[in-house]
Visitor: 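I have a structure I would like to understand better, so I am pasting it below and will then ask my questions one at a time.
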Amino acid sequence: MEAQQVPKTCKVILSDTIAKKLLSEVRETLAKIEGPNASKPTLAAFLATDDPAALQYAEWSKRTCEENGFNFDLRKVDKENLEEGIIAANNDDKVDGILVYYPIWVGNHSQDKYIKETVALSKDVEGLCHTHLFNMYHNVRFLDPPTNLKKSILPCTPLAIVKTLEYLQIYNPILAYGNRLFGKTITVINRSEVNGRPLAALLANDGATVYSVDITGVQVFTRGEGIRQLRHQVHDKEGWELKDVLPLSDVVIGGVPTEKFKVPTELLRDGAVCINFSSFKNFDGPAVKEKASIYVPSIGKVTIAVLLRNLVRLIANRPRPEGSAPEDPKDAKARSEAFIEG
């Protein structure tokens with residue numbers, strides 16, 4: 001008799017699979033909001049850097065936009081002319097959203113931050129201006145409380161990871177919206193202001209206990225015992241290291257931007273969910289497949305899908321032009337319900 005094969009215990013999920021579902025939702029929602037005869041929305045993307053990764057991201061974005069009924073207008077500019085170009089796009093009614101590829105001034109975060117504040121709130125497809133970031137950190141989910149019809153925009157990479165966790169059913173849909181990660185322990189290995197810290201805040205605001213790890217140590221993000229706080233609190237875990245948090249974690253998310261770093265596979269819990277969002281492989285692929293229950297090796301295409309999702313959200317948030325005819329109740333309902341839960 002042939003020996004019975006042991007079934008594989010790890011499921012590898014590629015970003016394509018997750019992105020397809022999101023893009024289908026994007027197309028359906030845009031059709032409901034704008035109707036079948038509306039002009040294609042336009043995303044203006046500013047490239048003021050020679051970074052090959054930014055250029056590749058631009059090429060992926062262009063392809064995804066065009067395949068899904070959006071115009072992608074790549075504007076290559078000198079960084080000294082970037083502010084002027086963004087202001088022109090802010091005032092151009094034909095531009096629905098603005099994307100800027102960062103970093104621009106390497107080592108000078110204040111100049112990059114200034115550019116982020118230059119993008120108009122109504123066109124900030126990346127959710128990087130102060131209003132959107134304030135809402136994210138304070139767990140304020142709408143721009144117009146108490147009406148709550150205009151959803152705040154979230155940064156693309158952190159939101160892509162949230163959408164990946166929803167796809168993987170790590171979020172518990174039985175629980176109330178905003179509490180659906182209650183009981184989950186998650187480690188995020190990266191605490192950058194662009195990705196790691198916002199991600200830890202988002203996950204903690206949804207109820208998780210999040211260990212945020214970087215070279216300076218470990219912090220824990222939580223809404224308190226029984227998730228009683230309205231927004232996350234942050235505490236230093238003095239003396240703690242990666243080795244202390246990995247065995248506790250249901251989900252481990254790697255975002256370390258170096259080829260040298262690898263998550264110690266032997267410290268992972270059996271059946272952990274492992275997600276990599278770095279452009280480098282933070283997990284030893286063959287080894288992690290022997291330990292994890294689910295492994296997502298990259299999320300790049302999910303990030304681009306979320307970019308278009310944010311663009312449609314901006315269109316749904318947009319006020320009606322002055323003097324326009326009263327909005328059909330069906331259209332108003334579609335706008336108010338567009339991506340209402342996240």
Side-chain angles (χ1 to χ4, degrees), residues 13-30 33 41-45 53-54 56-72 96-102 116 119 123-129 132-133 135-136 141-143 150-171 177 180-181 188 190 192 194-203 205-206 253 255 275-279 296-317 338-342:
I13 306 291
L14 301 180
S15 60
D16 263 348
T17 305
I18 306 166
K20 282 177 184 175
K21 183 176 184 295
L22 287 169
L23 289 169
S24 175
E25 183 188 18
V26 164
R27 292 191 299 270
E28 289 172 8
T29 305
L30 180 63
I33 294 170
T42 295
L43 176 63
Q56 184 182 51
Y57 185 41
E59 290 170 355
W60 287 347
S61 300
K62 176 180 172 63
R63 188 182 311 124
T64 306
C65 280
E66 292 175 349
E67 287 174 352
N68 289 276
F70 294 81
N71 292 322
F72 184 80
D96 298 286
I98 296 172
L99 166 68
V100 182
Y101 295 101
Y102 298 100
K116 290 171 186 175
V119 178
K123 298 188 179 185
D124 181 13
V125 76
E126 297 179 278
L128 296 178
C129 70
H132 289 313
L133 291 177
N135 283 0
M136 178 191 67
R141 306 197 176 213
F142 295 90
L143 292 169
K150 297 181 179 181
K151 195 76 165 38
S152 196
I153 302 297
L154 296 171
C156 293
T157 298
L159 180 56
I161 296 169
V162 166
K163 290 298 162 189
T164 297
L165 292 171
E166 288 182 351
Y167 180 88
L168 301 177
Q169 299 181 18
I170 306 302
Y171 275 73
Y177 173 61
R180 290 177 177 173
L181 286 179
V188 178
N190 174 302
S192 70
V194 177
N195 291 319
R197 188 184 295 278
L199 175 59
L202 283 174
L203 299 177
N205 282 345
D206 279 338
I253 302 169
I275 300 170
N276 182 76
F277 74 86
S278 171
S279 53
V296 182
S298 70
I299 59 141
K301 292 182 179 178
V302 184
T303 302
I304 297 171
V306 163
L307 180 73
L308 294 187
R309 192 177 188 276
N310 278 355
L311 182 56
V312 174
R313 162 56 63 194
L314 289 176
I315 293 168
N317 284 352
F339 310 128
I340 201 68
E341 291 197 359

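All heavy atoms count here, side chains included; hydrogens, waters and symmetry mates do not.
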Visitor: What I'd like to find out is whether the side chain of Asn71 reaches to under 4.5 Å of the side chain of Cys65, using heavy atoms alone.
Guide: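 Sidechains of Cys65 and Asn71: no contact.
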
Visitor: Show the nearest heavy-atom pair for residues Lys151 and Arg141, with the distance to one decimal.
Guide: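 Closest heavy-atom pair between Lys151 and Arg141: CD-O, 3.2 Å.
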
Visitor: I'd like to know if Glu25 and Lys21 make a salt bridge, using a cut-off of under 4.0 Å between side-chain N and carboxylate O.
Guide: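 Salt bridge flag = no for Lys21 with Glu25.
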
Visitor: To the closest 0.5 Å, what do you measure between CG (Leu307) and CH2 (Trp60)?
Guide: 13.5 Å

Visitor: Salt-bridged, Glu59 to Lys62, with N to O below 4.0 Å?
Guide: no

Visitor: Of all heavy-atom pairs between Asn190 and Gly255, which one has the smallest distance, and what is that distance?
Guide: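 Result for this residue pair: ND2-O, 2.7 Å.
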
Visitor: Any side-chain heavy atom of Asn310 sitting closer than 4.5 Å to one from Glu126?
Guide: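 Not touching, per the 4.5 Å side-chain cut-off.
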
Visitor: Would you please test Thr164 and Val296 for side chain to side chain contact (heavy atoms under 4.5 Å, CB included) and show each step?
Guide: CA-CA 9 Å; Thr164 297; Val296 182; 4.2 Å; yes

Visitor: With a 4.5 Å cut-off on side-chain heavy atoms, are Thr303 and Phe277 touching?
Guide: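 Heavy-atom side-chain distance check fails, nothing below 4.5 Å.
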
Visitor: Going by heavy atoms in the side chains, are Val119 and Leu128 under 4.5 Å from each other?
Guide: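 No; the side chains remain at least 4.5 Å from each other.
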
Visitor: Do you know which two heavy atoms are closest between Val188 and Gly196, and how far apart they sit?
Guide: CG1-O, 4.2 Å

Visitor: Return the OH to CG distance between Tyr167 and Leu22, rounded to the nearest 0.5 Å.
Guide: 10.0 Å

Visitor: Minimum heavy-atom separation for Pro297 and Leu14, please, with both atom names.
Guide: CG-CD2, 4.1 Å

Visitor: Going by ring-ring contact (aromatic ring centres under 6.0 Å, His included), name the residues that satisfy it together with Phe72, two or more places apart in sequence or in a different chain.
Guide: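 None.
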
Visitor: Between Phe142 and Asn135, what is the shortest heavy-atom contact and its length?
Guide: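 Shortest heavy-atom separation between Phe142 and Asn135 comes out as O-ND2, 3.6 Å.
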
Visitor: Just wondering, do Leu181 and Ile170 contact through their side chains at under 4.5 Å, heavy atoms?
Guide: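 Result yes, sub-4.5 Å side-chain heavy-atom pair found.
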
Visitor: Using 0.5 Å steps for rounding, measure from the CD atom of Glu66 to the OG atom of Ser61.
Guide: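 Spacing of CD (Glu66) from OG (Ser61) equals 11.0 Å.
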
Visitor: Starting at CG of Leu133, measure out to CZ of Arg197 and round the result to the nearest 0.5 Å.
Guide: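 Rounded to the nearest 0.5 Å, the CG-CZ separation comes to 12.0 Å.
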
Visitor: Using the test salt bridge (Lys or Arg N to Asp or Glu O under 4.0 Å), find all partners of Lys116 that sit at least two apart in sequence or belong to another chain.
Guide: none

Visitor: Run the salt-bridge test on Asp206 and Arg180 with the 4.0 Å N-O cut-off and return the result as yes or no.
Guide: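 Looking at Arg180 together with Asp206, the answer is no, because their closest N to O distance does not fall below 4.0 Å.
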
Visitor: Does Leu43 reach the side chain of Asp96, with side-chain heavy atoms less than 4.5 Å apart?
Guide: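 Sidechains of Asp96 and Leu43: no contact.
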
Visitor: Taking side-chain contact (heavy atoms from CB on, under 4.5 Å) as the definition, give me every residue that meets it alongside Thr64, ordered by chain and number, with sequence neighbours left out.
Guide: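 side-chain contact (heavy atoms from CB on, under 4.5 Å) list for Thr64, sorted by chain: Leu23, Asn68, Ile304, Leu308.
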
Visitor: With sequence neighbours left out, write down each residue that passes side-chain contact (heavy atoms from CB on, under 4.5 Å) with Ser298, or none if nothing qualifies.
Guide: Ser15, Lys281

Visitor: With a 4.5 Å limit on heavy-atom distance, are the side chains of Ile253 and Leu203 in contact?
Guide: yes

Visitor: If I compare all heavy atoms of Val26 with all of Ala305, which pair ends up nearest, and what's the gap?
Guide: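 That would be CG2-O, 4.1 Å.
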
Visitor: Using the test ring-ring contact (aromatic ring centres under 6.0 Å, His included), find all partners of Tyr101 that sit at least two apart in sequence or belong to another chain.
Guide: Tyr57

Visitor: Just how far is it from atom CD1 of Ile275 to atom CD1 of Ile13, taken to the nearest 0.5 Å?
Guide: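 Answer rounded to 0.5 Å: 10.5 Å.
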
Visitor: Please report the interatomic distance CD1(Ile315) to CG(Leu311), rounded to the nearest 0.5 Å.
Guide: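 Here the interatomic distance stands at 4.5 Å.
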
Visitor: Test of understanding: with side-chain contact (heavy atoms from CB on, under 4.5 Å), list the residues that count as partners of Pro158, not counting sequence neighbours.
Guide: Pro155, Asn195, Pro198, Leu199, Leu202

Visitor: Does NZ in Lys301 sit with more than 12 non-hydrogen atoms of other residues, nucleotides or ligands closer than 6.0 Å?
Guide: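 At most 12 heavy atoms, drawn from other residues, nucleotides or ligands, come within 6.0 Å of this atom.
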
Visitor: Tell me if the CD atom of Glu67 is crowded by more than 12 foreign heavy atoms within 6.0 Å.
Guide: yes

Visitor: Do Leu143 and Ser152 make a side-chain contact, defined as non-hydrogen atoms from C-beta onward lying under 4.5 Å apart?
Guide: yes

